[in-house]
Amino acid sequence: MPELPEVEALRVFLGDHLVGREIAHVLPLSVNVLKTYDPPPAALDGATVTSVDRHGKFLDIGAGELHLVTHLARAGWLQWRETFPAKPPGPGKGPLAFRAVLTGGDGFDLTEMGSKKRLAVYLVRDPMDVPGIARLGPDPLAPDFDREAFAALLGGESRQIKGALRDQSLIAGIGNAYSDEILHVAKMSPFKRTSALGDDDIDHLYAAMRTTLEDAVARSSGGAAGRLKAEKRGGMRVHGRAGEACPVCGDTILEVSFSDSALQYCPTCQTGGKPLADRRTSRFLK
């Protein structure tokens, strides 16, 4: 799933390629990809793009008083195209979900692989009309999101830190991959309770969150949209690397599987050398 660093890189890329350009038309192609009906997609015909913003994992393309907002979900992606075929595609054909064409003939496609279709597009007059945006917590890279603000958020929680980091209503933009990476840098068990965090733990966790996300954004900065997935995978230290050697200590990276996801961690760096139990069959290591 694209997370904050990849969506931020897409924001910069689209800002360079869209702002000041005129939209010829947009075309929803996947069943139910468009979650709103008023205003209609045709309202964007002839509109000039004025801004590209990010809200957590949401992209927000402003065109006058309208906002074309998208959430790429787990298997969605944005592909920039210099040209398009003369014949428009039929709806429901393959992974293509949405197309935006500029008057210059270029533009972008939104695609989604797999059978579960969760990619979402909204056309609204105010981004806060998108329910997922209205529920977002603060952005972890915002200038005013300092250590004290982070501590105040966690102070009201009593749950596993992995889940807290992934909760979009608590902190916007962090998902399964970067929460693994942040906890590895912080040398913290993903199942540690937020209520058990001391001042030093919060210091280390906040620093790990900022540096991990800032480094990932810097790696992706200036890259073409098509290369961002590979950049993300290449920058992971533990996520998606079960069975490989930890780049810090050399221990074998382990995995805990869930019904629809998995986490990866280093026992030596994060859990005192002890493997974490599978939550489906055993108690957690606190």
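The first residue of the sequence shown is numbered 1, and numbering continues consecutively from there.
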Problem set entry | Test side-chain contact (heavy atoms from CB on, under 4.5 Å) applied to Asp203 and Arg147, step by step | CA-CA 7 Å; Asp203 288 344; Arg147 187 266 184 206; 2.7 Å; yes
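- For Glu112 (side chain) and Arg118 (main-chain N/O), a donor-acceptor pair under 3.5 Å exists by modelled atom type.
- Scanning all heavy atoms of the two residues, the minimum distance from Pro89 to Leu96 falls at CG-CD2, 3.5 Å.
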For this session: Decide salt bridge (charged side-chain N to carboxylate O under 4.0 Å, His left out) for Asp201 and Lys187; before the verdict, give the C-alpha distance in whole Å, the side-chain angles of both, and the deciding distance to 0.1 Å.
Result: CA-CA 9 Å; Asp201 293 324; Lys187 299 185 180 299; over 6 Å; no
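- Relative orientation of the Phe191 and Phe258 rings is perpendicular, given thresholds of 30° and 60° on the angle between their planes.
- Using a distance-only test at 3.5 Å, with no hydrogens or angles considered, a donor-acceptor pair links the side chain of Lys162 to the main chain of Asn176.
- In terms of modelled atom types and a separation under 3.5 Å, the side chain of His204 and the main chain of Asp200 share a donor-acceptor contact.
- Heavy atoms from other residues, nucleotides or ligands lying under 6.0 Å from CD of Glu214 number more than 12.
- Taking the side chain as every heavy atom from C-beta outward, Thr194 and Gln160 never approach each other to under 4.5 Å.
- Side-chain atoms of Glu6 and Tyr178 include a donor-acceptor pair closer than 3.5 Å.
- A donor-acceptor distance shorter than 3.5 angstrom exists from the side chain of Thr36 to the backbone of Leu123, with no hydrogens or angles considered.
- No side-chain donor-acceptor contact under 3.5 Å links Arg135 to the backbone of Gln168.
- What you find for Glu3 and Gly173 is that their closest heavy atoms are CB-O, 3.6 Å.
- Side-chain contact check for Pro267 versus Lys274: every heavy-atom pair is 4.5 Å or farther apart.
- Summarising the geometry of Cys269 relative to Cys246, their closest heavy-atom pair is SG-SG, 3.8 Å, with the distance given to 0.1 Å.
- The two atoms that bring Lys35 and Leu119 nearest to each other are CE-O, 4.3 Å, heavy atoms only.
- Of the N and O atoms on the side chains of Glu181 and His239, not one donor lies less than 3.5 Å from an acceptor on the other residue.
- Side chain of Arg54 to main chain of Gly56: a donor-acceptor pair is present (N/O by atom type, distance under 3.5 Å, no hydrogens or angles).
- Under the 4.5 Å side-chain heavy-atom criterion for grouping Ile, Leu, Val, Met, Phe, Trp and Tyr, Val130 is not connected to Val121 through any hydrophobic cluster.
- A side-chain N or O of Asp60 and one of His55 form a donor-acceptor pair less than 3.5 Å apart.
- Remark: the Asp109 side chain and the Thr111 side chain contain no N/O donor-acceptor pair separated by less than 3.5 Å.
- Glu8 places no side-chain N or O within donor-acceptor distance of the main-chain N or O of Leu4, the cut-off being under 3.5 Å.
- Between the side chain of Thr271 and the main chain of Ser189, no donor-acceptor pair closer than 3.5 Å is present.
- Here the shortest heavy-atom pairing between Val26 and Asp45 reads N-OD1, 4.2 Å.
- Contact record, Pro190 with Leu263: CG-CD1, 3.9 Å, taken as the closest heavy-atom pair.
- Using a 4.0 Å cut-off between charged nitrogen and carboxylate oxygen, Arg11 and Asp53 do not count as a salt-bridge pair.
- Looking only at distances, no side-chain donor or acceptor of Arg166 sits under 3.5 Å from a matching main-chain atom of Ala177.
- The backbone N or O of Val7 lies less than 3.5 Å from no partner atom in the side chain of Lys57, so there is not a single donor-acceptor pair.
- If you chain together hydrophobic residues whose side chains sit under 4.5 Å apart, Leu254 and Val238 never meet in one group.
- Hydrophobic clustering of Ile, Leu, Val, Met, Phe, Trp and Tyr side chains at less than 4.5 Å, counting indirect connections, keeps Phe13 apart from Leu213.
- Using cut-offs of 30° and 60° on the angle between ring planes, the pair Phe58 and His71 is perpendicular.
- Salt bridge present: Asp167 and Arg159 bring a charged side-chain N and a carboxylate O closer than 4.0 Å.
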